[in-house]
Every structure is written in C-alpha cells, then in structure tokens.
Amino acid sequence: MERNPLRRQLQIMRKSLFDQGYLDEQFVQLEELQDDSNPNFVEEVVTLYYRDSARLILNIEQALERKPYNFHKLDAYMHQFKGSSSSIGAKKVKAESTLFREYCKSGNGEGCMRCFQQLKKEYATLRKKLEAYFQVARQAGPMETACRPK
Amino acid sequence: MEAAAAADVLPSGSSQELHVLAVDDSYVDRKVIEKLLKISSCKVTAVESGARALQFLGLDGEKGSLGFDGLKVNLIMTDYSMPGMTGYELLKKIKRSSAFREIPVVIMSSENILTRIDSCLEEGAEEFLVKPVKLSDVRRLMKDCVMRGETEGNNAGRRVDKRKFEDDNHTSSLSSSSSLTPSPPSTTAPFGGDVATSELVSSSPPHSSKRAKLHDGD
C-alpha cells in the first residue's frame, strides 16, 4: 500500500477503473511499456486515441444521418474504431463497438443508432476518468505501477 | 549512405539490433507496436500502408530508392485489414519477390478467422498474431528471428537440422500453433511455412490461449 497520499489516490483510481470494467488487460500492457525514458507513454497513447478516433466518431455520425444506412460503411468505420479502442484497453467502449457491428451485420438500423448513443456515452465517460487519472499521475510523479514487482 | 555501408559490413543476426518494418493504418497501433519493438531492442520503421512498405523496400518499381534499402529489414509485421492493399496482398508481393521473400512476415489481425489465418500461413507468413499484440508476442518473435539469424553463425547445428527436415519432408504436415484452435488440437493441412518457427512455438500455444480468451470475451 502506498504511503504517499497522491500515489495512494492514484492506486485507488486505477483499481476502480479496472474493477468497474472501464479498462482491460491491454491497458496493463501499455503500462508495462512505460519507463523512465518515456514516463508518459500511456497518457500519450490515450491522447492519440481520442484525437484519432474523433474523426471516426464523426464519420459514423454523418453516416447515420444518411438513410438508408450503408451498413457496410458503418461496419468498416466501427471495425477501425474498435481496433483502436481495443489497443488502449477501453473495455466498455470495445463492447459497444462489437454490439454495433453485430447490428450492422443484421441490418438493424435502430439497434445501430441506440448502440452508438451508448457508445458515445462510454467513450466520453472513459475520457473524463482517464483525464482525471493522468492528472493525478502527473502530480504524483514517476511511480512504479501496481504490476511491476517492488 | 553510411547506414548502407554498415549493413553491408556487419553480418545480419549478430549482436546487431533487428530492424523491423511495421505496417499499420492505425496511428494508435503504430505507436504501440513501435514501442513494443523498441523496448525489445529493435530498430523500427513504421509505415501506414502496404504501398509505403513496398516503397521503403524499393519494391514499388520506382528506381532511385537506393537510399532506403541500405538499411536491411529483418522482419515485417503488418496489419491484415488496411484500406488499399491488405496485409495479405502485401505478404504475397513480398513472398513473390526474389529480393525480399526471405524476410519473415508476420500478420496481425483483430479478427480471429481460421480461413484468414490459413491463407496467410499458406502464402508464407511466419505467424498470425491476434491483436492487440502483447509484449510477450514480440519477445517470442524476437527469439525466433534471432535464432534464424544465428543459424548463419554459431548455431550451425540447428541450421543443419532445419535443412534436413526441409529436404526430407518438404510437404510434411506441420503444426504451427498459429493455426490451431483450442479444440481440436490436431494439425490441419500441410503448410509450406517455415519449419523452424513451428518447432520453436510448439512448446507453448499462445495463440490457442489467445483464441480461447477471444471466444470468452467477444
């Protein structure tokens, strides 16, 4: 258990993100790639994800404004989005992406629309939580993550 | 051109860093794979498309790529689903080129489709990795590549075994754990793939476990 209060807070935040299912094992993989030469690697990747995927979200949004839906296109966008989400360990976002793709495959426009609204919510929630997390991480300074042996 | 001179003088697979060409249209994935490889002591060139990869290798038919192919590529890791040229198409182009067919090519895909895996392995891919790629996957690849490189030097014995196997059983049934599903564990059709790789990965079936995980989670 960390003595430093900031680091303890960070540990608690981190644990909560995993316990509540926002993040999966892939996030841990990213943490393992972080080192002294690149102490903000995880934050950089997440920042890149949100910047890069904003474009995909917009594409999907626009595609959902055109009826009839082009499910093939929607699926292609979501495939890309899901891939990136998976790469950062965004568990809930990834799950919604999978669901969206299933609705595409079965040509369920209503399902796609509903699912996309939920996906955007999860995407936004995760962003807020990770922003808060990284803010504390920066304040706490370089630390060993929970997965590294002491 | 100093890089070119160095590559000419130094033997590949010695204590030199491996140079990996990573191909992925996803910016996020490129960043991650680059880091995975750098942490595993590799030199990395990350490009966003098959076309760029071919350009880098000097296979795009354009003369004057002399500067590029000075730096020898030891391994190519490519995403499967890319707009334009897929990883599979890139694989075929590389394997059909006399200059580069010896370079091991690894396919990465978020989709765990057996027919896809089979076609890639049949076209000569070394491995099929399910995304997201982990550090343990890269480490294993490095070991395989280094062993391949070392056959030119210290491990002459291993090289002989590999040769012998290939000569005796050119079309033998090979099991590559890349192509196995959790059940059944039996081998599938013979592959023209690399024997050494199959032997090396047979001890632990990381792909099987990965696949099992996907079935549960997805």
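Per chain, numbering begins at 1; letters A, B, ... match sequence-line order.
- For the pair B/Lys134 and A/Glu32, the salt-bridge criterion is not met [side-chain N within less than 4.0 Å of a carboxylate O].
- Proximity of A/Gln80 to B/Ser81: side-chain heavy atoms (C-beta onward) are nowhere separated by under 4.5 Å.
- Taken from OG in B/Ser26 to CG in A/Leu48, the straight-line distance is 8.0 Å, to the nearest 0.5 Å.
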Candidate pair B/Ile39 and A/Asp35, rule side chain to side chain contact (heavy atoms under 4.5 Å, CB included), full reasoning: CA-CA 9 Å; B/Ile39 269 204; A/Asp35 56 22; 4.2 Å; yes
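- Heavy atoms of B/Asp25 lying under 4.5 Å from chain A belong exclusively to its side chain.
- Here the straight-line distance linking atom CG of A/Leu33 with atom NZ of B/Lys38 works out to 12.5 Å at 0.5 Å rounding.
- Around the CZ atom of B/Arg116, the shell of radius 6.0 Å holds more than 12 heavy atoms that belong to other residues, nucleotides or ligands.
- Within a 6.0 Å radius of OH in B/Tyr27, other residues, nucleotides and ligands contribute 12 heavy atoms or fewer.
- Within a 6.0 Å sphere centred on NZ of A/Lys73, heavy atoms belonging to other residues, nucleotides or ligands number 12 at most.
- Within a 6.0 Å sphere centred on NZ of B/Lys93, other residues, nucleotides and ligands contribute 12 heavy atoms or fewer.
- Residues A/Ser87 and B/Pro132 approach most closely at CA-CB, 4.4 Å, considering heavy atoms.
- Note: B/Glu111 CD to A/Lys82 NZ = 7.5 Å, rounded to the nearest 0.5 Å.
- Across all their heavy atoms, B/Val28 and A/Ile88 have their closest contact at CG1-CG2, 4.1 Å.
- Within the 4.5 angstrom heavy-atom criterion, only side-chain atoms of A/Ser37, from C-beta onward, approach chain B.
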